[in-house]
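A, B, ... follow the sequence lines: proteins, then strands. Residue 1 opens every chain. Hydrogens, waters and symmetry mates play no part in the numbers below; they use all other heavy atoms, side chains included.
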Amino acid sequence: MARKQKQIRPKARLPKGLRDISASEIRSLNRMLDVIRRQFEIYGFEPLETPAFEYTDALGKFLPDQDRPNEGVFSFEDEDNQWLSLRYDLTAPLARYVAEHYDVLPKPFRRYQTGPVWRNEKPGPGRFRQFTQFDADTVGTTNIAADAELCMLAADCLEALGIPRGNYVIRVNNRKILDGILESIGVDPHDTDHVGKRLTILRAIDKLDRLEIKGVELLLGKGRKDESGDFTKGAGLEPDQISTIIQYSQTSYFADTPKLRIQAAAEGELPSEPMAGGKIFSAWSKTFSVWKKLVSSSEIGIQGIAELEKMAVLFTASNFGPGRISFDASVVRGLDYYTGPVFEAELTHEIEDEDGGPVRFGSVGGGGRYDGLVERFKGIEVPATGFSIGVSRLHAALQHLGEFEKGGSEGPVIVLVMDRERLTDYQKMARDLRASGIRAEMYVGTSGMRAQMKYADKRRAPCVIIQGEDELARGEVTIKDLVEGNRLSAEITDNKEWREGRPAQFSVGEGEIVEAVQKVIARQADSNVSNQEIL
RNA sequence: GCCGCCUUAGCUCAGCAGGUUAGAGCGCCAGAUUGUGGAUCUGGAGGUCCCCGGUUCGAGACCGGGAGGCGGUACCA
């Protein structure tokens, strides 16, 4: 007896670093994106869509060579030997778009854009090879008001999404200040010998939240060995240089705890202290005076602080205070191309994970000023500033916080097929419901009633329409409310009672189906709302 | 990239000094129930024990290599 021959079949599996998104998640995601989009529109940004891939040289940075055409990005060569790459962010395509249409665009040009981007990197927890960004950028002005607007937009977005003030913070810093401090301790940030050193210092400060002061000190000095024995080379600074940087990086980071922010939010955010050129919250002016000492006579540093002061005046005038925005030296945003203010939106609300340990969601978006990006194409400097939201990450955080939760019955009304000879009647019932804007379908499978009920349950149908012999004889249909039925099933243990008692169903005349279904759905929506209020 | 841990049914996992035919719970399908999603009971389907090689009379188990996953670390436009 021959063994059943195994066929070789492809394994059904999702490539690593990619995700499928289910119906209810798409709905929830879309609700979130609608809220964000509305905010971006209200701020005056215009939508733009660009294609998934671009000529590789237009994306910059990664010019594939024959050996490694896919380093970091997904690339392919088209028929006339030109390299194309999937976009790895929305900023590089924007730079191309602006350069290509420079003459006809209003300047400054303000656009928002959302869509998937791709990175060819090893995926890890929370890191995917395809993910979605939601960006707003202002191109063509050096005016720091554009940066300030993005910070306020970010704060308004998070609040519109239901995150209470005090549970998030927009942290703001300026690259120029760190450069000023480096200058003051004798590391010229623009000396080509020091480019690597500057980056190492940036990365070290960026790790402050994780490694704390001790770890960062090691990274600024000789280097650090982690628990797994891996050694990271440090910046090789002298102790007094290190202490200046540590002193800088700590300003406001440790003082500015979530608790203090909640307090500031509760006390209101009224301007307190007049400054030259405008009012500014006192919590901020303290931070600025510390920084002024640290940058001493460095011109770039002084300029950086002045820029943030201008932003602070604008924030203060609109009553965006320390409860929402924090000037914070630990914001680095590892990227090399930022040239001025940098900002990061962070969720500070702590929740408990399954083991009872505290979990922070951390950064859900960030951005900053990049004055060099369009220059590649045009040869002229086109200053720009932008902000980018990590859509999946923000959505995951919102779901943890109970926002944008899956709805109750999201499925269509199901018209059961009790008699195969009468498909046309059932089809017409579905059609009448659809004509009134109700999601509905006639069961299009081939199984019996029990299976049809299970199907309706799995589809999360609000109700089913039943018309068998009995109802037909009376000129009626039976409507069964599945949500109500589900509630009642908790109280009924006896199967006979469950089946013969026919809970949560009622009969209406054939002409009243639409009206009756509308009532059922409205009732379910009401009880959904009251449930949420209890929570 | 580096370090550590892990990989048995759709999911969570058990298994053993190396010994016939590899198990449980949940889920799935069906029946008990002539027209009712839950509950209960009964039955059923579902496995190259991650892959390749080695040791052995005999490997899911032991050894070597590889792949995949998880955690840490590095990088991150």
Touch check for [X], heavy atoms < 4.0 angstrom, all strands: base, sugar-phosphate only, or nothing?
{"X": "A:K496", "result": "nothing"}
{"X": "A:E500", "result": "nothing"}
{"X": "A:N486", "result": "base"}
{"X": "A:T493", "result": "base"}
{"X": "A:Y455", "result": "nothing"}

Using atom [atom1] in both nucleotides, what's the gap between [N] and [M] to the nearest angstrom?
{"N": "B:C63", "M": "B:G1", "atom1": "C1'", "result": "28 Å"}
{"N": "B:G23", "M": "B:G46", "atom1": "C1'", "result": "14 Å"}
{"N": "B:G43", "M": "B:G25", "atom1": "P", "result": "11 Å"}
{"N": "B:U20", "M": "B:C26", "atom1": "P", "result": "27 Å"}
{"N": "B:C16", "M": "B:G27", "atom1": "P", "result": "27 Å"}
{"N": "B:G37", "M": "B:G69", "atom1": "P", "result": "41 Å"}
{"N": "B:G53", "M": "B:G10", "atom1": "P", "result": "24 Å"}
{"N": "B:G72", "M": "B:G60", "atom1": "C1'", "result": "30 Å"}

Is there a side-chain contact between A:Q452 and A:I414 (heavy atoms, below 4.5 Å)?
no

Does A:F109 have A:R111 sitting over its ring (NZ/CZ under 6.0 Å from centre, angle to axis within 45°)?
no

Rounded to whole angstrom units, what separation is found between the [atom1] atom of [X] and the [atom2] atom of [N]?
{"X": "A:D494", "N": "B:A39", "atom1": "CG", "atom2": "C1'", "answer": "10 Å"}
{"X": "A:Q133", "N": "B:C76", "atom1": "CD", "atom2": "C1'", "answer": "12 Å"}
{"X": "A:R224", "N": "B:C2", "atom1": "CZ", "atom2": "C1'", "answer": "14 Å"}
{"X": "A:F128", "N": "B:G69", "atom1": "CZ", "atom2": "P", "answer": "12 Å"}
{"X": "A:R129", "N": "B:G68", "atom1": "CZ", "atom2": "P", "answer": "10 Å"}
{"X": "A:D457", "N": "B:A39", "atom1": "CG", "atom2": "C1'", "answer": "13 Å"}
{"X": "A:K233", "N": "B:U73", "atom1": "NZ", "atom2": "P", "answer": "21 Å"}
{"X": "A:Y443", "N": "B:G37", "atom1": "OH", "atom2": "C1'", "answer": "13 Å"}

Nucleotide of [options] approaching [X] most closely (side-chain heavy atoms):
{"X": "A:K207", "options": "B:G37, B:A74, B:A39", "result": "B:A74"}
{"X": "A:I466", "options": "B:C76, B:U36, B:A74", "result": "B:U36"}
{"X": "A:N495", "options": "B:G37, B:A39, B:U73", "result": "B:A39"}
{"X": "A:Q505", "options": "B:G35, B:U73, B:U36", "result": "B:U36"}
{"X": "A:R502", "options": "B:C75, B:G37, B:U36", "result": "B:U36"}
{"X": "A:M449", "options": "B:G37, B:G35, B:C76", "result": "B:G35"}
{"X": "A:L482", "options": "B:G35, B:G37, B:A74", "result": "B:G37"}

Tell me whether the count of non-hydrogen atoms from other residues, nucleotides or ligands lying under 6.0 Å of CZ in A:F45 goes above 12.
yes

Are there over 12 heavy-atom neighbours, none belonging to A:E49, within less than 6.0 Å of that residue's CD?
no

Would one find a side-chain N or O of [X] under 4.0 angstrom from OP1 or OP2 of [N]?
{"X": "A:R119", "N": "B:C76", "value": "no"}
{"X": "A:R450", "N": "B:G37", "value": "yes"}
{"X": "A:W498", "N": "B:G37", "value": "yes"}

Checking base pairs now: Watson-Crick or wobble, both atom distances under 3.5 Å. What partners [N]?
{"N": "B:U55", "value": "none"}
{"N": "B:C26", "value": "B:G10"}
{"N": "B:A32", "value": "B:U40"}
{"N": "B:G60", "value": "none"}
{"N": "B:C16", "value": "none"}
{"N": "B:U21", "value": "none"}
{"N": "B:G69", "value": "B:C5"}
{"N": "B:G47", "value": "none"}

When the ring centroid of A:F76 is compared with that of A:F53, is the distance short of 6.0 Å?
yes

Contact nearer the 5' end of RNA chain B, comparing A:A461 with A:T232
A:A461

A:M418 or A:D89, whichever maps to the more 5' nucleotide of RNA chain B
A:M418

Quiz question: going by heavy-atom distance under 3.5 Å, is there a donor-acceptor pair between the base of B:G35 and the side chain of A:E471?
yes

Under 3.5 Å side-chain donor-acceptor pair for A:Q113 and A:D137
no

Distance-only donor-acceptor check, side chains A:Y338 and A:N173, under 3.5 Å:
no

Salt-bridge test for A:R110 and A:E149: reply yes if a basic N is under 4.0 Å from a carboxylate O, no otherwise.
yes

Single hit among A:L150, A:V342, A:I144 for side chain to side chain contact (heavy atoms under 4.5 Å, CB included) with A:R369
A:I144

